[in-house]
Amino acid sequence: MKQENLLLIFGMAIVTFIPRFIPMAFLSRRNIPEKVKVGLEYIPVAILSTIVFPILFFDEGGTFGIQPQFLLSAIPVFAFAWKTRNLWGSVIIGMVIYWSLGFVL
Amino acid sequence: MSLLVYAGASQFIAVEMILKGITWFPIVLTTFFINLRHLLMSSTFSLFFNKNSLRALGLLSAQLTDESFAVAMSDTSKISNRPIYLLGLHMTSHLAWISGSVGGAFFGSLIDHREYGLPFALPALFICLLMIQTKSPLHFGIMVIAGVSSLFFKWAFPGNWYILLATLLASGIGVIVKPKAQRSKVKGERG
């Protein structure tokens with residue numbers, strides 16, 4: 001059992017490191033075509049969007065469907081974050097709205 | 001585990017799989033596929049660190065996470081060829097993660113994790129980071145394409161493939177659309 005745990009943790013550590021390291025190591029050492037650079041510029045917005053949207057439209061079991069408590073909390077946070085770009089404010093407002101909705105829904 | 005395997009989603013899934021009695025190899029394999037999305041983040045980081053040694057890059061990339069990536073990208077002037085700044089950001093968040101893991105292990109049973117709006121803390125953070133990244137109408141378009149297609153890909157494919165697929169699709173469309181958008185802008189300015 002002990003050896004099994006070691007294998008698990010070191011195995012996970014290695015496979016976590018590989019995709020984080022390889023592109024940085026190789027791409028930083030060569031000239032990247034302009035097109036790829038443009039693509040890389042859009043990755044942050046695209047990747048964050050693919051993290052946010054499924055939270056609002058899938059339940060924990062992975063079934064598709066509107067999540068009213070998440071969606072209704074998200075709309076004001078989108079508006080607030082767009083205006084202020086304030087991280088702490090967004091988190092606090094989001095949590096308060098989500099919590100209050102818990103009593104209503 | 002939080003010290004060596006700094007990867008939230010994978011850790012949660014690993015715990016679930018351990019409880020089900022699954023052996024180490026499938027868990028490691030699952031972790032690998034979950035973390036493939038970091039390929040894209042690491043590629044983006046490579047634009048900002050082109051003067052550093054491999055050893056330094058190894059150190060920097062080891063602590064790359066969704067959250068620290070998003071925070072770093074929200075003001076790229078701070079990270080551009082400033083490895084120490086990024087390392088500081090990584091160390092701070094990793095330390096918070098470890099102390100949170102230890103704290104949760106001891107005191108986790110004291111509060112219900114569904115209470116006090118806690119389920120929405122992380123989504124709210126990501127929404128704000130997303131808005132920070134939405135810098136132009138084209139970015140907004142890419143956000144919508146990535147978001148909607150991620151819903152489809154998540155519905156259509158098992159696991160975490162939707163993050164990789166939707167991101168590649170949306171930024172690919174961005175590459176195709178951008179020159180056209182710029183050209184029409186130039187035309188508009190002339191006319």
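To find a chain, count down the sequence lines: A is the first, B the second, and so on, and within it residues start at 1.
Using a 4.5 Å heavy-atom cutoff, the side chains of A/W99 and B/L118 are not in contact.
Listed by first then second residue, pairs satisfying side-chain hydrogen bond (donor to acceptor under 3.5 Å, both in side chains) with a partner in residues 7-17 of chain A read A/T16-B/N35, not counting sequence neighbours.
Linking ILVMFWY residues whenever their side-chain heavy atoms come closer than 4.5 Å, directly or via other members, leaves A/I75 and A/V96 in distinct clusters. Both B/L168 and A/V52 sit in one connected hydrophobic cluster of ILVMFWY residues. Membership requires side-chain heavy atoms under 4.5 Å apart, directly or through other members. No continuous path of hydrophobic side-chain contacts links A/I92 to B/I132 [ILVMFWY only; heavy atoms under 4.5 Å].
Proximity to chain B involves both the backbone and the side chain of A/F21, based on heavy atoms less than 4.5 angstrom apart. Using a 4.5 Å cut-off between heavy atoms, A/V77 touches chain B through backbone and side chain atoms alike. Proximity to chain A (any heavy atom under 4.5 Å) is restricted, for B/A170, to the side chain, taken from C-beta onward. With a threshold of 4.5 angstrom between heavy atoms, A/I55 approaches chain B through side-chain atoms but not through N, CA, C or O. Proximity to chain B is absent for every atom of A/F80, based on heavy atoms less than 4.5 angstrom apart. At a 4.5 Å heavy-atom cutoff, the contact between A/I43 and chain B is made by backbone and side-chain atoms alike.
Chosen from A/G11, A/P44, A/G102, the residue pairing most often with chain B at heavy-atom distances under 4.5 Å is A/P44. Per-residue counts of heavy-atom pairs under 4.5 Å with chain A were compared for B/L164, B/L151, B/I142, B/V148; the largest is that of B/L151. Most heavy-atom pairs under 4.5 Å with chain A: of the set B/A146, B/A124, B/G147, this distinction falls to B/G147. Between chain B and the options A/I47, A/V38, A/I9, heavy-atom pairs under 4.5 Å are most frequent for A/I47.
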Steps toward side-chain contact (heavy atoms from CB on, under 4.5 Å) verdict (A/F78, B/L130): CA-CA 9 Å; A/F78 266 108; B/L130 174 62; 4.1 Å; yes
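Heavy-atom minimum distance, A/V45 versus B/M143: CG2-CB, 4.0 Å. When every heavy atom of A/L48 is checked against every heavy atom of B/F126, the shortest pair comes out as CD2-CD2, 3.6 Å. Across every non-hydrogen atom of A/A81 and B/M131, the tightest pair is CB-CG, 3.8 Å. Heavy-atom minimum distance, B/S150 versus A/F53: OG-CB, 4.0 Å. Of all non-hydrogen atoms in B/Y162 and A/P54, the two that sit nearest each other are CE1-CG, 3.6 Å. Between A/A46 and B/T167, the closest heavy-atom pair is CB-CG2, 3.8 Å.
Considering CD of A/E41 and CG of B/L138, their distance stands at 9.0 Å, rounded to 0.5 Å. Atom CD1 of B/I163 sits about 11.0 Å away from atom OG of A/S49, to the nearest 0.5 Å. From B/L129, atom CG reaches atom CZ of A/R85 across 11.0 Å, with rounding to the nearest 0.5 Å.
Summarising the local packing, CZ of B/F140 is surrounded by 12 or fewer heavy atoms from other residues, nucleotides or ligands at distances under 6.0 Å.
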Show every donor-acceptor pair shorter than 3.5 Å between a side-chain atom in residues 100-107 of chain B and any protein atom, with sequence neighbours excluded, or say none if there are none.
unit_1 : atom_1 : unit_2 : atom_2 : d
B/S101 : OG     : B/S2   : OG     : 2.6
B/S101 : OG     : B/W97  : O      : 2.8

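Screening A/V91, A/L87, A/I93 for a side chain to side chain contact (heavy atoms under 4.5 Å, CB included) with B/C128, the sole residue that qualifies is A/L87.
Relative ring orientation between A/Y42 and B/H139 is described as perpendicular, the plane-to-plane angle rising above 60° on a 0-90° scale split at 30° and 60°.
The cationic group of B/K154 lies under 6.0 Å from the six-membered ring centre of A/F58 and within 45° of the ring axis, placing it in a cation-pi geometry.
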